[in-house]
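Report on one structure; see the data block that follows.
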Protein chains: 2
Amino acid sequence: MATTETRAEPLSIGEVAERTGLSVHALRFYERGGLLVGPVQRTAGGRRRYTAVDVDWLLICVKLRESGMPLADLKRFAELVRHGPGNEAERLQLLDAHQQRVEAQIQALEECRSVIAWKVGVYAEYLARGEADGLWDPTV
Amino acid sequence: MATTETRAEPLSIGEVAERTGLSVHALRFYERGGLLVGPVQRTAGGRRRYTAVDVDWLLICVKLRESGMPLADLKRFAELVRHGPGNEAERLQLLDAHQQRVEAQIQALEECRSVIAWKVGVYAEYLARGEADGLWDPTV
DNA sequence: CTAGGAACTAGAGCGAGGTCTAGATCAAGT
DNA sequence: ACTTGATCTAGACCTCGCTCTAGTTCCTAG
């Protein structure tokens, strides 16, 4: 899962924001909340310097968040990774549980989609008929 | 989209909660917020009596909400319906826009799913190998 | 008649997930 | 040296979507 653009030099918070889609605020917020695996390096002047590994982790985070994983779970996952080898089973379990939630979510959404599509169809047909007769009022 | 169980008698708020999956709190909250099409009937004593039409509308609401439509949009839709015939084009537009968001959401989720599946695979394989060598530590 | 459960109202409270502010510092260009 | 813009911290604040509370009233069964 290496970033295609293999960067050796560390990035500033702004650059990371750009690459991950997270705001700089969110990046600091995540860090404060312990969602990062390691502490981010700093320059002499105190600015954050993100490595490629940091960015890869954040990209994973983004995907997990995007698919609805709560920050608390993300934090737990980060803790496990931070803690080092030996807890891979728990990490797997966490991911696996999430994966199932995502599957369920997709299913639910597909169901919604079909209900909505049906309704869109009802209106589209009504309008296509040119409202020839206002006799049928789709109240629902 | 008639409820399979065609009921003539109106239902109490508790019964509607059961049938829609919304809490009684949420039902009152939705009503206050103007998310219902018409005012709900009341008994002499002031209790709400929901008709089959009310319930059908709520079931649609549930699907729209479940798929991420904000309450504000739902409210707008209810207003249009309440306003009566003549604005079907706008209703269609609203639904159509939402439908597209749902499609996009499903796509995004599927992408997330594959990223997660990949990660699950990485851990599963690692564990299956029996951690024969701790040389490879999946830090990401 | 009485007890107990369901419903009523208005409004406060809550959890999640950030976002924004203030005031200060750092760093690069001219 | 000076200006400009990105970053820094800690903490206040915000939106969304309910949920819960308090105090009261309704209604049904015993």
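Below, all heavy atoms of this structure are taken into account, side chains as well, without hydrogens, waters or symmetry copies. Here is the naming used below: chain letters follow the sequence lines, and residue numbers restart at 1 for every chain.
- Side chain of Q99(A) to backbone of I116(B): no donor-acceptor contact under 3.5 angstrom is found.
- For E79(A), the CD atom is densely surrounded, since the number of other residues' heavy atoms within 6.0 Å is greater than 12.
- Judged by closest nucleotide on DNA chain C, R49(B) is the one of G68(A) and R49(B) placed further toward the 5' end.
- Nucleotide dT21(C) holds its C1' atom 16 Å from the CZ atom of F29(A), rounded to whole Å.
- In this structure, the side chain of Q41(A) does not engage the main chain of T51(A) through any donor-acceptor pair within 3.5 Å.
- Under a 3.5 Å cut-off, the side chain of R82(B) and the backbone N or O of L36(B) do form a donor-acceptor pair.
- E31(B) has its CD atom 14 Å from the C1' atom of dA10(C), to the nearest Å.
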Checking salt bridge (charged side-chain N to carboxylate O under 4.0 Å, His left out) for the pair R49(A)/E9(A): CA distance, chi angles, key distance, verdict? CA-CA 9 Å; R49(A) 313 266 68 200; E9(A) 314 87 74; over 6 Å; no
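- In this structure, L71(A) places its CG atom 9 Å from P of dA16(C), rounding to the nearest Å.
- Straight-line distance from the CD atom of E66(B) to the P atom of dC18(D): 11 Å, rounded to whole Å.
- Between R48(B) and dT9(C) there is a side-chain polar atom (N or O) within less than 4.0 angstrom of OP1 or OP2.
- Close to dT7(D), at under 4.0 Å from its OP1 or OP2, lies a side-chain N or O of S12(A).
- For the pair K75(A) NZ and dG17(C) C1', the computed distance is 14 Å after rounding to whole Å.
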Mark up nucleotides 20-30 of chain D, 5' to 3', with B wherever a protein heavy atom is under 4.0 angstrom from a base atom, S wherever such an atom reaches only the sugar-phosphate, and - elsewhere. BB---BBS---
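- Note on Y30(A): a side-chain N or O is less than 4.0 Å away from OP1 or OP2 of dG18(C).
- Just one residue in the list R91(B), E88(B), E90(B), Q93(B) forms a side-chain hydrogen bond (donor to acceptor under 3.5 Å, both in side chains) with Y123(A), and that residue is R91(B).
- We find that CE of M69(A) is positioned 14 Å from P of dG18(C), with the value rounded to whole Å.
- Rounded to a whole Å, the CG atom of L74(A) is 12 Å from the C1' atom of dG17(C).
- The shortest non-hydrogen separation linking C112(B) to S67(A) is CB-CB, 3.7 Å.
- In terms of phosphate contacts, R42(A) brings a side-chain nitrogen or oxygen within less than 4.0 Å of OP1 or OP2 of dT9(D).
- Put simply, OH on Y50(B) is 10 Å from C1' on dA7(C), counting in whole angstrom units.
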